[in-house]
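As structure tokens, the structure follows; a few thoughts come after it.
This structure is a prediction, so every number in the text was calculated from the model and none was measured.
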Amino acid sequence: MMNLQDVQKICVAGEWRPGGGDVYATLYPATGETVSTLRAASLADVAEAIEGADRAFRTSGWAQRKPHERAAVLYRVAQLIRERGEELAQLQRLDNGKPISETRNLVASAAGTFQFFAAACETLEETIAPARGDFLSMSVYEPMGVVAAITPWNSPIASEAQKMAPALAAGNAVVVKPAEVTPLLALELARICEQAGVPRGLISVLPGKGSVIGDAITLHPLVRRVSFTGGTTTGKHIAHIAADKMMPVSLELGGKSPTIVFDDADLDHAVAGVLYGIFSSSGESCIAGSRLFVAHGIYDAFLERLAAGAAALRVGDPADEKTQMGPLITARHRDSIESYVALGVSEGGRLRTGGARPLGAQFERGNYYLPTIIEGVRNTMRICQEEIFGPVLVAMPFSDEGDLVEQANDSVYALAAGIWTQDYKKAWRFARAVQAGNVWINTYKQFSIATPFGGWRDSGLGREKGRLGILQYMEQKSVYWGMNDMPLPWAQGAK
């Protein structure tokens, strides 16, 4: 029988203890070795965490603190993340197999997110509306209470910070449901928040299966809002629950983002940008530029350079500073990607490069897959329409710019797009014509915490980030203050 001292503890309303659910192990995607063993949260843990969060919200005084006082705690969180930066980066490398160069950037991003929303908290302005009568009317904001953050496995600490920081800044309690396979960064972030001075009980971290723990959190009547990042099918399920509860949600979901290369593009920049857009993070990114449209006149030359660049990418050990692509998250996910590639070939596509696992003893135990480019496809094929969430790029030539816009927008997804051209008028025209929540011109996958992020259609609802992102976690209230000297005239004459 396993000693509970060897089990990773979870956080239930400020109490650190083994969960009440099943024991499971998290695995290092590069080798399949066990990183941690923990017991998932149970349904009883969920209920206790949410009830404890509600109690802490009502009694801890966090929501009543002055904004600059809450901000001071969040600045301290950012400082502690930076102080433990390398440790956290190495832990995320083990948690989901991302190259260490990338996990360092994600940890820095998390620190910047807490710093940004600390500033947003202490500078948020409430407004007095212009007078429309003998009264003063004001618009103010109040915290919601208990909010839930359901986060994905592909960028744990950055995603968790993007939800926890504004929710705490707004004065709420937060129940975090990390992805089952990557729970470690959320747990460390909770410890850091406690160390920084967030009151006990305001944060819980409940690892486990989304279909069990995530549903229980979303359904609980004390949860006032859910912010979810993950797959579209799960997002729609959460939206249905939220509709029955009349509960607001933020949903960052899937993508099948088009990248367009015009014949006047700077090809050096375009090749580098397209490679980065699809193959960084091993393609496990909702905003990956996975559909490539290249002007017919430069298509062959561009694809030749692109395929050579993809073949030269360094796939390997995530601990190696030079690695550009690490393993995929699980063997099961790699199997899914392989099946999509086989489907694309069966539909008539041709492999330009990749389409296989890398060879060598160093790859045998990990979930590795080579960067893959498939051409000879049509935009209507399943491989061009369904999100693969891996290092697979489909490439198509275009001749007619009007048809190009229709193809780029012919998707249930509308999260991101990339445009490569030196014609600023064309860039602006297509940036406005393409249907996407985020458009990059002559660059790709560049982010700012100060800029709102989200998608249209099946890519989600609502926005994260941006100065007003804190308002996603607050309720707006209008207050009217009578200034009239005489009683309201309607009641005059009443006895």
Have [X] and [Y] got a donor and an acceptor in their side chains that come within less than 3.5 Å?
X      : Y      : result
Ser280 : Lys445 : yes
Ser281 : Lys98  : yes
Arg334 : Tyr368 : no
Ser60  : Arg200 : no
Gln79  : Arg82  : no
Ser250 : Gln472 : yes
Thr218 : Asp215 : no

- line: Across all chains, not counting sequence neighbours, the side chain to side chain donor-acceptor pair (under 3.5 Å) partners of Lys209 are none
field: Those residues that, when tested against Ser155, pass side chain to side chain donor-acceptor pair (under 3.5 Å) (two or more places apart)
entry: none
For [X] and [Y], which heavy atoms make the closest approach, and how far apart are they?
X      : Y      : result
Arg457 : Val412 : CB-O, 3.3 Å
Pro318 : Ala30  : CD-CB, 3.7 Å
Ala216 : Leu43  : CB-CD2, 3.7 Å
Pro183 : Leu38  : CG-CD1, 4.0 Å
Gly208 : Ile213 : CA-CG1, 4.0 Å
Ser204 : Val12  : OG-C, 3.7 Å

Under a 4.5 Å cut-off applied to non-hydrogen side-chain atoms, are [X] and [Y] in contact?
X      : Y      : result
Leu222 : Phe57  : no
Leu124 : Pro67  : no
Ile81  : Val107 : yes
Glu188 : Glu160 : no
Val226 : Ile241 : no
Ile238 : Leu251 : yes
Arg70  : Pro143 : no
Pro327 : Ser282 : no

- prompt: Hey, is CG on Asp320 packed in by over 12 heavy atoms from elsewhere, all under 6.0 Å?
  reply: yes
- prompt: Does Arg467 CZ have over 12 foreign heavy atoms under 6.0 Å away?
  reply: no
Spacing of [X] atom [atom1] and [Y] atom [atom2] [to the nearest 0.5 Å]:
X      : Y      : atom1 : atom2 : result
Leu393 : Leu275 : CG    : CG    : 8.5 Å
Phe453 : Thr229 : CZ    : OG1   : 8.5 Å
Glu284 : Phe279 : CD    : CZ    : 13.0 Å
Asn172 : Tyr473 : CG    : OH    : 9.0 Å
Asn96  : Leu91  : CG    : CG    : 10.0 Å
Ile203 : Leu187 : CD1   : CG    : 11.5 Å

- request: Take Lys163 and Glu252 through the test salt bridge (charged side-chain N to carboxylate O under 4.0 Å, His left out) and record every step on the way to the result.
  value: CA-CA 11 Å; Lys163 300 178 190 306; Glu252 185 204 325; 5.3 Å; no
statement: For residues 146-173, the ring pair (Phe, Tyr, Trp, His ring centres under 6.0 Å) pairs (sequence neighbours left out) are Trp153-His333, Trp153-Phe389
Audit row: Glu347, Leu343, side-chain contact (heavy atoms from CB on, under 4.5 Å) steps and yes/no: CA-CA 6 Å; Glu347 289 182 323; Leu343 173 65; 4.1 Å; yes
Do the charged groups of [X] and [Y] touch, with an N to O distance under 4.0 Å?
X      : Y      : result
Arg17  : Glu48  : yes
Arg224 : Glu475 : no
Glu194 : Arg191 : no

Donor-acceptor check, side chain of [X] to backbone of [Y], threshold 3.5 angstrom: yes or no?
X      : Y      : value
Trp62  : Ala173 : no
Ser109 : Asn105 : no
Arg39  : Gly21  : yes
Thr372 : Leu370 : yes
Ser459 : Gly254 : yes
Lys9   : Glu15  : no

task: Would you please test Ser101 and Gln324 for side-chain contact (heavy atoms from CB on, under 4.5 Å) and show each step?
output: CA-CA 8 Å; Ser101 59; Gln324 293 167 289; over 6 Å; no
field: CA sep, side-chain torsions, deciding dist, call: Leu185, Leu106, side-chain contact (heavy atoms from CB on, under 4.5 Å)
entry: CA-CA 11 Å; Leu185 274 299; Leu106 292 171; over 6 Å; no
- request: Please assess Ile449 against Lys465 for the test side-chain contact (heavy atoms from CB on, under 4.5 Å), listing each intermediate value before the final yes or no.
  value: CA-CA 5 Å; Ile449 187 60; Lys465 304 183 179 182; 3.6 Å; yes
- prompt: Can a cation-pi geometry be assigned to Lys256 and Tyr413, taking NZ or CZ under 6.0 Å from the six-membered ring centre and within 45° of the ring axis?
  reply: no
